[in-house]
Structure formats: structure tokens, C-alpha cells
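Whatever order the structure lists ligands and atoms in, that order sets their numbers, starting from 1.
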Amino acid sequence: MAFARIMGTGSYLPDRVLTNEELSQSLDTTDDWIRSRSGILERRIAADDEFTCDLAEHAARRALENAGRSSADIDLIVVATTTPDQVFPSTACLLQARLQAKDCPAFDIQAVCAGFVYALDVVSKYIESGAAKCALVVGAETFSRILDWSDRSTCVLFGDGAGAMVVEASETPGIRSTHLHADGTYAHLLQVPVGVSTAHSALAQGKAYTEMHGSEVFRWAVKGLSEVVKEALEHNNMDQSDIDWLIPHQANVRIITATAKRAGLSMERVVVTLDRHGNTSAASIPLAFDEAVRDGRIQRDQNILLEGFGGGFTWGSVLLTF
Ligand code: COA
């Protein structure tokens, strides 16, 4: 059986930087509140004529270049997104056309902020079974489009961006384990309560934005993420000293620190981009991964633990050797 190995990474952030200071001019908030409660200093916001597939395309092209591969090599495209350009076709199909990656399966995955972990799980299974040899996996979001910009409890936390990986069949590991979880009974704690099927309902008016019970989500995120760290280490017969880098979903620095502490990992071994990116949902893990590869922190043969948590609730981990 082949291993699924990351051959290259890429990412993209829109040019527009939105600082806490700027937000505090139109909202009843302060830089100090946002910084101290979340760890976020600024986030990127896509231009009016820039869409999720545009962000995905930039990140994908960078990942292909980094892997030394071309569109012709790709035989599977999976895009994790909560903010697709269109109802259909999927963003993965739109991306396939842009890249001219002909005749390969292409589909989106929707698991909100755990989307990239879900996508890697699926992609690794395609590769391990021999159904694909060279997959392009992307997390891309224009989350700013599903925020109520007058709701200070949510809009200050999110941002836009995209990250991508080229994952290939290899004789050496590779993705060592994936563990996914979901519990739909918590849907009401973090949601956009309106979708395609409900949009015409009278109840739906004005509700196409993210709603969140922040402190409850916080509590469940720390619990879920701590459990998946333990689960991944036990499954691989490893302990925290075997992990070179933890790359958590970037939602709140206090969630990240609490999870790292419970896992017994020092913050020096945790990649944090939240301060500059905010929460970019499905894009946050591949964005952080790519940043740490490009600045030289992540090296080949290191063990990396990815963990995601999002609306659903959905959560999970990927433990890999780079
Ligand atoms: N500026 C100033 N005050 C704000 C504010 C803002 N941007 N947003 C909320 N507040 C206020 C609240 O209205 C509340 O005021 P009150 O006590 O008068 O009612 C007060 O701050 C405290 O709110 P609380 O929700 O208790 O703060 P908190 O310490 O839990 O931090 C979050 C709030 C949202 C930062 C935190 O709960 C969180 O990060 N939760 C998880 C969110 C997350 O990760 N979501 C995505 C998961 S994928």
C-alpha cells in the first residue's frame, strides 16, 4: 500500500489588510479587546471582485510549483470550503477548468473549519487505495462574505485566504493517521442558519451570516482538540516528544495555548498565524503549514500534527511525516 506524502505546499492571502484599529472605527470594539480575547491583530479581506476560486487558484499554482508538478500530473482535486463561488458547479470543478487539469475527479468538502483535515483524510484514502497518485488539496475561503459586519462578537474573528498541498503516492510516509469526528447536535452553537434550500423561507430573512455562541464553542473546541491529539499519539504509538510541530486550526490563541498545554507541547513547537490571518476556516491549516515550510521551520522527515475544529461540530487530526 502506498503512503500519501506531501510533495509541495502553497498559499495565498488577499492584499487588503484590515486591522483591529480600523474595525474599532466602525464597531463598538477595541484593538485591546480583540487582541487579548482572541490573539488576532489583523486579517486579510478579499477584494469585491475576488472570489474563493481566485484565492484557491493562486494557492494551487504555488503548491504545484513548489512540488515541481504541473496540472497534467493531477488526478484528483479536492477543495475544502464553506464559501464556494457558486451553488454548483463545485469550486473544485471551477478550479480544475482554470488549471486545465483534464479528466480527473474534482469535488468540494464542507466541514467548515475542520474542512482541510477532512479533505486530507479523503485524499489519503484515495492515494493509499491506489485510486489516485497525485492529488491537489485546497482549503480556500472568503469567510468575510458570511459575516454580519455589525456583529462585533463574530466579525472581528475571521479572515479570507487559501492554502494548498500536492499530495502524492510514495513508498515512504506520509500521512500516518487521520481521525475524524462530528456531532451535529451542536449545530446551533456555530452556524449560518440559512442555506440554498431554506433561503426562500420567511424565517430566513437576513440570517445568511455566521452566528456563534463563543464561550460554548471555545469550551468544546479545547475539549475536542485535546482529545484528538491524544487519540493521534496513541494510535501511532508516539508521545509529545515525537512531534516536531503542532499546526492547529487558527481560531483563538487561547484555544491554541490551552490545547498545546494539555498535550504537553511547548508553544515553541506550535505554528501560529492567527495574529495576522484571523480565522480563515478551512484555509487556516494549509496557510500555516505553507508559511512554516517556506520560512524553514518545517523540514523534511519531521513529524507534524494537524488538528481542526469547526461548525457541525466537526473535528479531527492528521499526523504526518513531512
Ligand atoms: N469587542 C468588545 N467587546 C466584545 C466583543 C468585541 N469585538 N465581542 C464580544 N464582546 C463582549 C460581549 O458582548 C460580552 O459582553 P457582556 O459581558 O457585557 O455580555 C463580553 O465581551 C465578553 O464576551 P465573552 O463571549 O464572554 O468573551 P470571551 O472571553 O468568551 O471571548 C470569543 C469571546 C468569541 C473571542 C471567544 O469566546 C472565542 O474565541 N470563542 C471561540 C470562537 C471560535 O473559535 N470560533 C470558531 C471555531 S472554528
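Both the backbone and the side chain of Thr29 come within 4.0 Å of ligand 1, counting heavy atoms alone. Contact annotation for Val112 and ligand 1: no heavy atom of the residue comes within less than 4.0 Å of the ligand. Of all the heavy atoms of Phe218, the ones lying under 4.0 Å from any atom of ligand 1 are found in both the backbone and the side chain.
Residue Leu157 approaches ligand 1 through these ligand atoms, each under 4.0 Å from one of its heavy atoms: 34 (C). For ligand 1, the atoms closer than 4.0 angstrom to any heavy atom of Arg37 are 22 (C), 27 (O), 28 (P), 29 (O), 35 (C).
Asp239 and Ser241 share a donor-acceptor pair across their side chains, judged by distance under 3.5 Å alone. Judged by distance alone, the side chains of Thr321 and Arg176 do bring a donor and an acceptor atom under 3.5 Å apart. Side-chain N/O atoms of Asp108 and Thr81 include no donor and acceptor closer than 3.5 Å. When only modelled atom types and interatomic distance are considered, Glu227 and His181 share no side-chain donor-acceptor pair under 3.5 Å. Ser144 and Thr142 form no side-chain donor-acceptor contact under 3.5 Å, judged by distance and modelled atom types alone.
Within a 4.0 Å radius of atom 19 (O) of ligand 1, the protein has no heavy atom. Inside a 4.0 Å radius of atom 5 (C) of ligand 1 there is at least one protein heavy atom.
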(request) Just do the side chain to side chain donor-acceptor pair (under 3.5 Å) check on Thr280 and Glu141 with the steps written out, would you? (result) CA-CA 6 Å; Thr280 57; Glu141 301 280 15; over 6 Å; no
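Residue contacts with ligand 1: Arg254 is placed with a nitrogen or oxygen under 3.5 Å of a nitrogen or oxygen of the ligand (distance criterion only). Between Ser38 and ligand 1, a contact under 3.5 Å exists for no N or O pair.
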